[in-house]
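In this text the structure is predicted, and so the values were computed from the model without any measurement.
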Amino acid sequence: MREFFESTAWPMQKPEPYGAFHLVFTFVGLAVAVLLAYLLRKNNEKQNRAVLLVTGVFLFACEVYKQLFYYYVIGNGAYQWWIFPFQLCSVPMYFCVIAGLLKDGKLRSGIYNFMLAFNLMGGFMALTEPSGLVHEYWMLTLHAFIWHIALVFIGLYLGFSHRAGIKLSDYKGTVIVFAAMCVIAFIINVSLGEVSNHSVNMFFIGPEISPIVVFEDIAAKYGWYVNAPIYMACVCLGAFIFYLPFTLYNRAIEKKKQSAVVVTE
């Protein structure tokens with residue numbers, strides 16, 4: 001196993017933000033994500049489940065590779081706790097599989113809307129500020145870019161296919177899902193604090209200091225317990241900005257369908 005991962009540890013010079021690699025990979029990747037999401041918008045339920053399950057399995061495979069790469073190559077046989085797979089952008093790996101197996105209902109609707117709002121935001125934000133995506137190894141850099149482009153695809157697909165972002169009132173269910181994920185993340189942070197030498201900070205909500213600009217200063221000055229609710233509120237607001245256009249898009253589609261019915265009658 002070690003030999004395999006070491007054989008794929010091809011070094012690279014970290015790409016510069018807004019350099020050729022970043023811009024080309026981002027624009028081409030986003031174009032593919034938008035086109036594929038739009039083309040798949042008319043999938044039936046069976047096809048929809050297949051898309052979600054295939055995407056989920058793909059993300060799981062990518063994450064397993066990343067975890068083992070860090071273990072064998074970066075950590076030299078020591079697990080790197082700070083990459084424990086439960087950050088905000090890791091959640092679709094689980095949710096795609098779960099939603100692909102769930103029957104239609106409030107839970108699946110909440111998961112759909114969460115992936116549209118929060119993970120579409122996460123994908124775009126990471127690609128816009130790529131410091132966390134670039135690495136000294138080709139495979140880790142490719143993994144990071146492809147992963148976040150996949151998040152954009154999932155969000156757009158669910159929005160274009162009229163499975164998420166249907167009503168503004170549905171956003172409250174999305175916030176509930178986010179809050180539940182934050183609770184789980186906090187439990188993980190506390191549970192793994194000692195064993196990880198306090199390097200685990202899932203969702204960046206504490207009790208460790210947030211590494212995110214502005215929120216890092218708030219946490220350092222006033223404490224994580226002050227920063228956490230402010231940070232969570234800002235994330236919810238940012239996700240809503242990505243959610244809102246799809247409610248307008250889906251409302252326009254619905255009005256167009258109703259107008260067509262009236263004309264036909």
Side-chain angles (χ1 to χ4, degrees), residues 33 36-38 40-60 63 85-125 150-188 202-203 205 228-229 231-258 261:
L36 189 59
Y38 188 76
L40 295 175
R41 72 191 187 282
K42 295 183 179 180
N43 275 356
N44 59 35
E45 184 54 28
K46 183 177 180 180
Q47 293 167 330
N48 172 59
R49 290 181 183 276
V51 168
L52 293 173
L53 289 172
V54 168
T55 304
V57 170
F58 171 75
L59 292 176
F60 262 108
E63 186 62 25
F86 201 79
Q87 288 290 10
L88 182 60
C89 289
S90 305
V91 173
M93 174 175 61
Y94 309 106
F95 276 178
C96 280
V97 175
I98 293 171
L101 298 175
L102 282 176
K103 293 182 179 180
D104 193 19
K106 289 185 178 181
L107 178 57
R108 188 169 74 159
S109 177
I111 289 174
Y112 280 173
N113 285 309
F114 177 91
M115 289 195 288
L116 165 61
F118 287 87
N119 293 127
L120 181 58
M121 175 192 68
F124 269 113
M125 293 300 291
L151 301 194
V152 173
F153 161 71
I154 295 166
L156 293 177
Y157 164 70
L158 292 172
F160 287 154
S161 63
H162 200 63
R163 290 182 168 88
I166 300 171
K167 297 184 297 184
L168 280 177
S169 59
D170 290 340
Y171 190 69
K172 62 184 179 182
T174 306
V175 173
I176 291 172
V177 173
F178 174 63
M181 294 299 100
C182 286
V183 170
I184 295 172
F186 185 76
I187 292 172
I188 292 172
M202 303 297 99
F203 280 47
I205 58 174
Y231 172 69
M232 291 169 64
C234 290
V235 171
C236 288
L237 177 60
F240 181 74
I241 293 172
F242 281 82
Y243 181 87
L244 179 60
F246 284 94
T247 65
L248 302 177
Y249 166 80
N250 284 314
R251 185 183 300 173
I253 295 296
E254 194 61 34
K255 286 183 177 179
K256 186 176 180 180
K257 289 180 180 179
Q258 292 174 358
V261 171

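- With rounding to the nearest 0.5 Å, the separation of CD1 in Ile184 from CD1 in Ile188 is 7.0 Å.
- Across every non-hydrogen atom of Arg49 and Lys103, the tightest pair is NH2-CA, 3.8 Å.
- With rounding to the nearest 0.5 Å, the separation of CZ in Phe86 from CD1 in Ile187 is 9.5 Å.
- Using a 4.5 Å heavy-atom threshold, the side chains of Val97 and Leu52 count as separate.
- Taking the six-membered ring for Trp and the full ring otherwise, the centers of Phe95 and Tyr112 sit at least 6.0 Å from each other.
- Here the side chains of Ile205 and Met232 are in contact, with some heavy-atom distance below 4.5 Å.
- Remark: side-chain polar atoms of Ser90 are paired, donor with acceptor, to backbone N or O of Gln87 under 3.5 angstrom.
- In this view, Cys89 and Trp147, His148, Leu151 satisfy the side chain to side chain contact (heavy atoms under 4.5 Å, CB included) rule, not counting sequence neighbours.
- Contact between Val152 and Ala33 at its shortest, heavy atoms only, is CG1-CB, 4.4 Å.
- The two atoms that bring Phe240 and Tyr171 nearest to each other are N-OH, 3.1 Å, heavy atoms only.
- Here the closest heavy-atom approach between residue Gly155 and residue Leu116 is recorded as O-CD1, 3.2 Å.
- With hydrogens and angles ignored, the 3.5 Å screen pairs no side-chain donor or acceptor of Ser109 with any backbone N or O of Gly105.
- In the displayed structure, Tyr94 atom OH is contacted under 6.0 Å by more than 12 heavy atoms of other residues, nucleotides or ligands.
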Q.
Before you tell me yes or no, could you show the steps for Lys167 and Thr247 under side-chain contact (heavy atoms from CB on, under 4.5 Å), namely the whole-Å CA-CA distance, both residues' side-chain angles and the distance that decides it to 0.1 Å?
A. CA-CA 6 Å; Lys167 297 184 297 184; Thr247 65; over 6 Å; no
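- Partner of Phe118 under the ring-ring contact (aromatic ring centres under 6.0 Å, His included) criterion, out of Tyr243, Phe203, Phe178, Phe242: Phe178 alone.
- For Met125, the CE atom counts as loosely surrounded, since its 6.0 Å shell holds 12 or fewer non-hydrogen atoms of other residues, nucleotides or ligands.
- Looking at heavy atoms from C-beta onward, Ile166 lies out of side-chain contact with Tyr249 at the 4.5 angstrom threshold.
- Residues Arg41 and His162 are not in side-chain contact: their nearest non-hydrogen atoms beyond the backbone lie 4.5 Å or more apart.
- Residues Ile241 and Met121 form no side-chain contact, since every pair of their non-hydrogen atoms from C-beta on lies 4.5 Å or further apart.
- Residues Arg163 and Asn43 share a closest heavy-atom pair of NH2-O, 2.9 Å.
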**Q.** Full working for side-chain contact (heavy atoms from CB on, under 4.5 Å) between Phe153 and Leu40
**A.** CA-CA 10 Å; Phe153 161 71; Leu40 295 175; 3.9 Å; yes
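- Interatomic distance, CD1 of Ile176 versus NZ of Lys106, reported as 9.5 Å (0.5 Å rounding).
- Within the 3.5 Å criterion, the main-chain N or O of Thr174 finds no donor-acceptor partner in the side chain of Asn113.
- For an aromatic pair to be called close, the ring centres must be under 6.0 Å apart, and Tyr157 with Tyr38 fails this.
- With hydrogens and angles disregarded, a donor-acceptor distance shorter than 3.5 Å links the side chain of Asn119 to the backbone of Leu88.
- Smallest separation of non-hydrogen atoms from Met115 and Cys96: SD-SG, 4.0 Å.
- Inter-residue side-chain proximity for Met93 and Pro85 is flagged as met; some heavy-atom pair is nearer than 4.5 Å.
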Q.
Using side-chain contact (heavy atoms from CB on, under 4.5 Å), reason through Phe246 and Leu156 one step at a time and then give a plain yes or no.
A. CA-CA 9 Å; Phe246 284 94; Leu156 293 177; 3.6 Å; yes
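- Side chains of Leu59 and Glu63 form no contact here, defined as non-hydrogen atoms less than 4.5 Å apart.
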